[in-house]
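As the structure is a prediction and not an experimental result, all values here were calculated from the model. Every chain is numbered from 1 and lettered A, B, ... according to where its sequence line falls, protein lines coming before strand lines.
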Amino acid sequence: GNSVTQMEGPVTLSEEAFLTINCTYTATGYPSLFWYVQYPGEGLQLLLKATKADDKGSNKGFEATYRKETTSFHLEKGSVQVSDSAVYFCALSPSGGQNFVFGPGTRLSVLP
Amino acid sequence: DAGVIQSPRHEVTEMGQEVTLRCKPISGHNSLFWYRQTMMRGLELLIYFNNNVPIDDSGMPEDRFSAKMPNASFSTLKIQPSEPRDSAVYFCASSLSSGYGEQYFGPGTRLTVT
């Protein structure tokens, strides 16, 4: 079946540090891949997406590349800010499907 | 667009009472999803609709839970009778089924059952 695995949190970084949150997936066919972010007290917001192998999604300084050979979609940011503190969810949408599979989420805390 | 609208934002009720959560999807979206989020179990898909028809309700915990979508702009999730273990944040999300599947989430309803 389809599944998403994320690195366990919480992740605590100092402001301006480099961020990587690992995400790997298992899926049949060619899924679309997403990163969502959830700020405290809010719903999930789409951060970025990639719909085919080697695509790079980017937004707000965050990037992730769809690597089919390693079935990965790691989230990176070169310099985090306190305002990036949130929970980050990796997700996939099976090819042709509407039913998302979300990872467990990784909580990021950025200290000033 | 106002985004996905959910009401109420907070609900506190006693065990055994009926609870109804409401959702208005983004206009033009034809898929709607109900999720439940808890610390223990994370984000769980309860049910999703396409063009107002329930497509997958395998995530609905038990018969106490029911969901309806009478038209394209409104959906309800009902719990009857409610139990303390139903306490969670319930999210509604909508999407365009013709797109790449990105879902747009509402702000959630925090349910507390005492």
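- For the residue pair A:M7 and A:T20, the shortest heavy atom distance occurs at SD-O, 3.5 Å.
- Contact annotation for A:Q38: only side-chain heavy atoms (C-beta onward) come within less than 4.5 Å of a heavy atom of chain B.
- Looking at B:E44, neither its backbone nor its side chain comes within 4.5 Å of chain A, counting heavy atoms on both sides.
- Residue B:R9 touches chain A through its side chain alone, counting heavy-atom pairs closer than 4.5 Å.
- The pair A:K77-A:E63 does not meet the salt-bridge criterion, since no charged nitrogen lies less than 4.0 angstrom from a carboxylate oxygen.
- A salt bridge links B:R64 to B:E83: at least one charged side-chain nitrogen sits closer than 4.0 Å to a carboxylate oxygen.
- When all heavy atoms of A:G103 and A:F89 are compared, the pair lying nearest together is O-CD2, 3.5 Å.
- For the options A:L44, A:V87, A:V101, heavy-atom pairs under 4.5 Å to chain B are most numerous at A:L44.
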